[in-house]
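Take a look at the structure set out below.
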Amino acid sequence: MSPRTRPEWPIARDGFSYRLKTMPELAEVEFFRRQWEVGIGKRVERVHVHATARIYRSVGARVVVEALTGTSLQHSEAQAKQMLFRFDNDRWLGIHLGMSGSLIAAAPEMVPGKHDHLVLYLADCALIFSDPRMFGKVALHRGVDVPGWWAALPAPILSSGFTESAVGDFCARRPRSSIKAVLLMQERFPGIGNWMADEILWRAGIHPRCPAGKLASGTRRTALYTAIREVTADALREIAGVGTAAVPRHLSAQLPDHWLFNHRWKDGGTCPRSGTALVRETIAGRTTCYCPKCQSWSWE
DNA sequence: CCCCATGTTCGACA
DNA sequence: GTGTCGAACATGGG
C-alpha cells in the first residue's frame, strides 16, 4: 500500500481510509455532495483517475480528465441518488454512488488509494470519489443546459410536484406488488432506498408485504404519503445537516434512537415504539425489517 | 471457508 | 406492451 497523507483538512478523521461506512440513499447523497462544496470557485489543476475502474463504463476516464482539467467548479446539486457538478466552459460531471461510493475532501497532498477512482486536485484541497464495489458511475456532459437525464428526473419528494394522488395512482397500477417493492421504484420515489422504505412503512404502520393496491386511496394512502414526506425531511435534517467539521465514521450514528434504523440490524432488536421483537425477512428480494405488532398484517 | 451487504440493470417468463 | 423475479455486477466485512 502506498503511503497516504492523513487528511487534516477539511475533515479530520482517524486512519487512512477516506471512506465513510454508509450506503447512499437520498440524505447520504446530499451529505456527500456537501463534502465537495469546499471546492466551489476553485480551478482543477490536475485529475487522477483509475482508468480501468468500472465507474467509467459510461464515459471513458480519459474523457473525464480532458474535460475537467483546467476548469473551475461552479455549482453542485443533488437530486434523488444523483449528483451534478457544474464546471465552467459548459462542462458537467454527474455522479451516482451506487452501493459503496462516497465523496470526501482532503488535503492536496493526498495520494490516491486503491479505491479512489477519481481525484480532482484543486489548489488547496483534493476532491475524492471512492468506491470499492464500483457499482457507482460517472457521467460527463457538455452544454449550456443541464444534461437530459438530469432534467428527466422525477419530481423530488419534498417538491409540490410530488402529490398524494400521484402516489395513489402509482400504487393502483401495481395492485398486487408489495408496497416494499413499490417504494424502491426510483421513477416515483426518487432517492428512497432500503432503509428509508422500511422506516416509512414502520412509521405509517403498514406491513411491507401489503399489496400496493390496498394503499391506492383512503386513509392508508394518506398515512403512506405523510410518512414518505416526513422520513425524507427528517433524514435530510439529521444526516445531510451534519457539517464537515466532525464527521462520524458511521453516518447512521446520527439518527435518533427512536427511529427504526438504529435497531434494524441488531440481533434481538426490539421496536422502539412497542418493545416487540423486530422481524427480518426478505421481501422484494431485499432484507426487510418491520415490527409485527405496529405494522398490521390485516389489510382487508 | 461461508454468508451478507442501504443499488441498478438485464434477461427470462407470466 | 406490462409487470415480476432472480441473477449479475465487484469487493469487503463479520
Side-chain angles (χ1 to χ4, degrees), chain A residues 1 15-32 50 52-58 78-83 94-103 113-117 129-139 149 152-154 169-202 208-209 211-213 216 231-232 234-236 238-240 249-255 259-267 269 278 280-290:
Chain A
M1 190 179 182
F16 281 175
S17 173
Y18 297 101
R19 284 185 295 120
L20 269 71
K21 290 177 184 167
T22 190
M23 306 203 197
E25 299 182 19
L26 134 174
E28 291 93 335
V29 169
E30 170 62 15
F31 167 85
F32 285 128
H50 283 163
T52 59
R54 193 168 175 269
I55 64 159
Y56 297 110
R57 59 196 178 280
S58 296
Q79 228 182 101
K81 296 173 189 169
Q82 318 272 346
M83 288 173 286
I95 294 182
H96 190 293
L97 296 171
M99 190 87 99
S100 60
S102 61
L103 301 189
K114 183 179 175 188
H115 303 299
D116 300 333
H117 308 303
F129 174 20
S130 264
D131 187 4
R133 293 174 74 179
M134 294 190 285
F135 294 165
K137 188 157 74 163
V138 298
W149 59 265
L153 289 173
D169 293 350
F170 193 76
C171 289
R173 233 171 297 134
R174 295 158 182 79
R176 281 171 300 282
S177 294
S178 71
I179 186 58
K180 173 65 186 269
V182 170
L183 277 177
L184 293 173
M185 295 179 177
Q186 298 298 296
E187 69 262 37
R188 174 45 66 199
F189 304 105
I192 289 180
N194 202 35
W195 79 254
M196 281 185 75
D198 286 358
E199 197 76 36
I200 287 163
L201 294 174
W202 177 73
R209 287 194 199 275
V231 168
T232 300
D234 291 352
L236 282 168
E238 299 290 346
I239 294 175
R249 198 155 184 79
H250 299 265
L251 272 183
S252 54
Q254 285 303 122
L255 298 179
W259 287 42
L260 178 65
F261 188 96
N262 287 347
H263 309 266
R264 55 174 295 142
W265 296 117
K266 285 184 214 160
D267 281 331
L278 293 168
R280 252 179 303 174
E281 53 191 60
T282 298
I283 301 174
R286 314 298 298 279
T287 301
T288 299
C289 180
Y290 65 94

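Letters A, B, ... are given to chains in the order of the sequence lines, protein chains preceding strands, and every chain is numbered from 1.
- Across every non-hydrogen atom of K81(A) and Q186(A), the tightest pair is NZ-NE2, 3.4 Å.
- Whole-Å rounding puts the F170(A) CZ to dG3(C) C1' distance at 11 Å.
- With R54(A) contributing its side chain and M134(A) its backbone, the two residues share a donor-acceptor pair below 3.5 Å.
- Straight-line distance between the P atoms of dC4(B) and dG6(C): roughly 15 Å, to the nearest whole Å.
- Going from atom CE of M23(A) over to atom P of dT6(B) covers 7 Å, rounded to whole Å.
- Minimum interatomic distance between P208(A) and Y290(A) (heavy atoms only, all atoms of both residues): CG-CD2, 3.6 Å.
- When atom types are taken as modelled, the side chain of E187(A) and the backbone of P154(A) share no donor-acceptor pair closer than 3.5 angstrom.
- Between the side chain of E28(A) and the main chain of I239(A), no donor-acceptor pair closer than 3.5 Å is present.
- E187(A) places its CD atom 14 Å from the P atom of dG7(B), with the value rounded to the nearest Å.
- We find that CZ of R188(A) is positioned 13 Å from P of dG3(C), with the value rounded to whole Å.
- Side chain of Q82(A) to backbone of I95(A): no donor-acceptor contact under 3.5 angstrom is found.
- Not one N or O on the side chain of D131(A) forms a donor-acceptor pair closer than 3.5 Å with the backbone of H117(A).
- L97(A) places its CG atom 12 Å from the C1' atom of dT6(B), with the value rounded to the nearest Å.
- Computed from coordinates, the R174(A) CZ to dG1(C) P distance equals 17 Å when rounded to whole Å.
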Contact string for nucleotides 5-11 of chain C, one letter per nucleotide 5' to 3', B = base within protein heavy-atom range under 4.0 Å, S = sugar-phosphate only, - = neither, reads ----BBB

Under a 3.5 Å cutoff on both atom distances, Watson-Crick or G-U, what's the dot-bracket for DNA chain C ([ ] crossing, | other strand)?
.||||||||.||||

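- A donor-acceptor pair under 3.5 Å links the side-chain atoms of H50(A) to the main chain of K114(A), judged by distance alone.
- No more than 12 heavy atoms of other residues, nucleotides or ligands sit less than 6.0 Å from atom CZ of R176(A).
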Give me, pair by pair, the N or O atoms of the protein and of nucleotides 8-11 of chain B that are less than 3.5 Å apart, along with how far apart they are.
{"unit_1": "dT8(B)", "atom_1": "OP1", "unit_2": "H96(A)", "atom_2": "NE2", "d": "2.9"}
{"unit_1": "dT8(B)", "atom_1": "OP2", "unit_2": "K81(A)", "atom_2": "NZ", "d": "3.1"}

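- Look at the C1' atom in both dC1(B) and dC9(C): the space between them is 23 Å, to the nearest Å.
- Taking atom CD1 of residue I283(A) and atom P of nucleotide dT6(B), one finds them 13 Å apart after rounding to whole Å.
- The separation between R280(A) atom CZ and dC4(B) atom P is 11 Å, rounded to whole Å.
- Distance alone, capped at 3.5 Å, is enough to place a donor-acceptor pair between the E25(A) side chain and the W195(A) backbone.
- Here CZ of R286(A) is found 11.5 Å from OG of S178(A). Values are rounded to the nearest 0.5 Å.
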